[in-house]
Amino acid sequence: MKTLRLILGDQLSESISSLHGCELATDIIFLCEVWDEATYVKHHKKKIAFLFSAMRHFAEQLTNQGYKVAYTKLDNPDNTGSFMGEVERLCQEHHFDRIVVTYPGEYRVLADMRTWEKTLGIPVEIRADDRFLCSPETFAAWADGRKQLRMEYFYRDMRKQYQILMEDDQPLGGKWNFDAENRKPPKQGLTVPKPYIGTIDAITQEVMDLVAERFDHHFGDLAPFYFAVTRADALQVLEQFIDQRFNHFGDYQDAMIEGEPWMYHSHISFYLNCGLLLPLECVQAAENAYYAGKAPLNAVEGFIRQIIGWREYVRGIYWLHMPSYKEKNFFAAERALPSLYWTGKTKMNCLRQCVLETKENAYAHHIQRLMVLGNFALLAGIEPKQVNEWFLVVYADAYEWVELPNVTGMILFADGGYLASKPYAAGGSYINKMSNYCKSCSYKVTQKNGPDACPFNYLYWDFLDRNRDRLASNHRIGMMYKTFGRMTEEKQQAIRDDSRIFLSNLE
Ligand code: FAD
Ligand code: DLZ
Ligand code: SF4
């Protein structure tokens, strides 16, 4: 049975289900660079270069292993610009009995794929993506009957199911979660190791030239380019993390230092999400590092929780609630995304640093995304669709299945508390505690009102005040209304006035 096996840009794993049962003599593996995917949002230049280079390297690797590979480059004059158009074109060149593909990472691609069988007149088999540790069906069964979902309980079940960091049926170290130990502020004199710097070979150079020519108007810096683009190199990134950064990962997981975008994080999301690394191998590498005495339990547990907990949990929520999840807007927020998210032009030093690092690296670590960029979008009441689009554009690890729940659910609370139990809203003192940004800011973090006050300080209270109807009954945040109620009428009015002036001057 001659089969066309389509592999998408985020399916670059040799173990991908669409390759199972491949007949080397007859089947054709197909990868295509298509305009539609590169522009349905205007991805960061580095993200496009990374993915095209990784796709080309993966195709080369498969060819060397004896697979028959067809590959469409973006600038091929016959390129139709869409997945369906490219599949159709290949079907005109060869007779195929069926098309096999693995479940895509985005709902819109799945919806499109489901039309192919009828349009092309060839059976299309869409196989489960078994690189993930929890299938959408298993997640749906877990979620069934629960009014609110909590990651912590999902995570514990995953630990038990996969027997990770377990002693019989008990969590190693006597606790499931060591987060309380993972909130150390950055201390002075920390020397953060240099991140992985990949070499630019001929394939990457050709792709960079293509991106420079075709996507010049997209956001972000193309150079310097240091991503790994092969599985072998991605494994080196993982190894380098375990050897050099893992020891401090837990302690400084929430810390931010000006000029240190990479901190002690692993920087593996790019590779996990496009398939060059697999989640279980990263988790096993972390567990082995613990038993080899290379990293303490708070680091190891924290890291593993992100991968088998948060990563799988957000994917479960995505598939359970798409397409309606995309429409959520609990606070009816409608402000336009301010241009500072693209330019970094703002007097708020924390925001400026995070935007400029994002522009340079197509990366920001979790707390920058959550407590600076996300916190501001929440407090300023920016429309969820615009915030989602920005996060999908700017990060090289962004695909809708992981981006949307983090933005709509985690930072914007736009799902009304389904993913998270309370909004991650905070004033300037949190950022001041966890970073050194405030030291070189034009605003004063200790000042609560007036033109020099840190905007996060009054925006925080104004956000609560504006959304009283929706939040006052939330038991985790409700008590803040008592604090607000104890403020004098003048103080409350000053908060409202400062916020109104600041927000109306945002553009
Ligand atoms: P580390 O801190 O070293 O963590 C290890 C791994 O855990 C990551 O590589 C990632 O695979 C996983 N992980 C950690 N937190 C999360 C999470 N909340 N959700 C899913 N996986 C997680 N992650 C993406 O992969 N793509 C996105 O588009 C994305 N968008 C985000 C948007 C917002 C607003 C927020 C708050 C978080 C987002 N995250 C996203 C999660 C997280 O910020 C990134 O996974 C992380 O910063 C990637 O860097 P790292 O590999 O150094 O992670
Ligand atoms: C993100 C992306 C980009 C920029 N370009 C391509 C491409 O040209 N070809 C491809 O197969 N995949 C690309 N991708 C990744 C896809 O957007 C991703 O596979 C789908 O969104 C499904 O998750
Ligand atoms: Fe950010 Fe406020 Fe600190 Fe300035 S003072 S860096 S705006 S938290």
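Both counts, for ligands and for their atoms, begin at 1 and track the order of listing.
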For [atom], what's the nearest protein heavy atom and its distance?
| atom | answer |
| --- | --- |
| atom 3 (Fe) of ligand 3 | Cys438 SG, 2.3 Å |
| atom 1 (Fe) of ligand 3 | Cys350 SG, 2.4 Å |
| atom 8 (C) of ligand 1 | Ser269 CB, 4.1 Å |
| atom 20 (C) of ligand 2 | Glu37 OE1, 3.7 Å |
| atom 12 (C) of ligand 1 | Gln306 O, 3.7 Å |

Within reach of ligand 1, part of Phe241 (heavy-atom separation under 4.0 Å):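 Answer for Phe241: neither.
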Location of contacts on Phe303 toward ligand 1, heavy atoms closer than 4.0 Å: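 For Phe303, the contact with ligand 1 is made by the side chain alone.
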Within the 4.0 Å heavy-atom shell around [X], which atoms of ligand 2 are there?
| X | result |
| --- | --- |
| Ala38 | 4 (C) |
| Cys32 | 7 (C), 8 (O), 9 (N), 10 (C), 11 (O) |
| Leu8 | 11 (O), 19 (O) |
| Gly9 | 10 (C), 11 (O), 12 (N), 19 (O) |
| Arg108 | 17 (O), 21 (O) |
| Gly105 | 22 (C), 23 (O) |

Below 4.0 Å, non-hydrogen atoms only: which portion of [X] touches ligand 2? Side chain, backbone, both or neither.
| X | answer |
| --- | --- |
| Gln11 | neither |
| Leu51 | side chain |
| His43 | side chain |

Can [X] and [Y] be counted as an ion pair, charged N to O under 4.0 angstrom?
| X | Y | result |
| --- | --- | --- |
| Glu357 | Lys359 | no |
| Asp243 | Lys294 | yes |
| Arg231 | Glu281 | yes |
| Asp129 | Arg131 | yes |
| Arg156 | Glu152 | yes |
| Asp397 | Arg369 | yes |
| Lys184 | Asp251 | yes |

Enclosure of Tyr40 OH (heavy-atom neighbours >12, cutoff 6.0 Å): yes
Lys422, NZ: over 12 other non-hydrogen atoms inside 6.0 angstrom: yes
Short N/O/S contact of Cys454 with atom 3 (Fe) of ligand 3 (below 2.8 Å): no
ring-ring contact (aromatic ring centres under 6.0 Å, His included) partner of His44, the single match among Phe215, Phe219, Phe50, Phe227: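 Filter result, single survivor: Phe219.
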Does the side chain of [X] pick up a donor-acceptor pair with the side chain of [Y] at under 3.5 Å?
| X | Y | answer |
| --- | --- | --- |
| Asn288 | Gln284 | no |
| Ser18 | Gln11 | no |
| Thr408 | Tyr325 | no |

Parallel, tilted or perpendicular: ring planes of Phe139 versus Trp142, cut at 30 and 60 degrees: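 Phe139 and Trp142: tilted rings.
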For [atom], which candidate among [options] provides the closest heavy atom?
| atom | options | answer |
| --- | --- | --- |
| atom 43 (O) of ligand 1 | His366, Met151, Gln253, Arg315 | His366 |
| atom 27 (C) of ligand 1 | Asp397, Leu412, Val394 | Asp397 |
| atom 6 (C) of ligand 1 | Leu392, Asn406, Ile307 | Ile307 |
| atom 28 (O) of ligand 1 | Ala398, Pro195, Gly409 | Ala398 |

In this structure, does ligand 2 have an atom that sits under 4.0 Å from one of the heavy atoms of [X]?
| X | answer |
| --- | --- |
| Phe52 | yes |
| Phe83 | yes |
| Glu400 | no |

Trp310 N/O to ligand 1 N/O under 3.5 Å: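 For ligand 1, there is no N or O atom that lies under 3.5 Å from one belonging to Trp310.
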Atom 4 (Fe) of ligand 3 contact by Cys441, N, O or S atom under 2.8 Å: yes
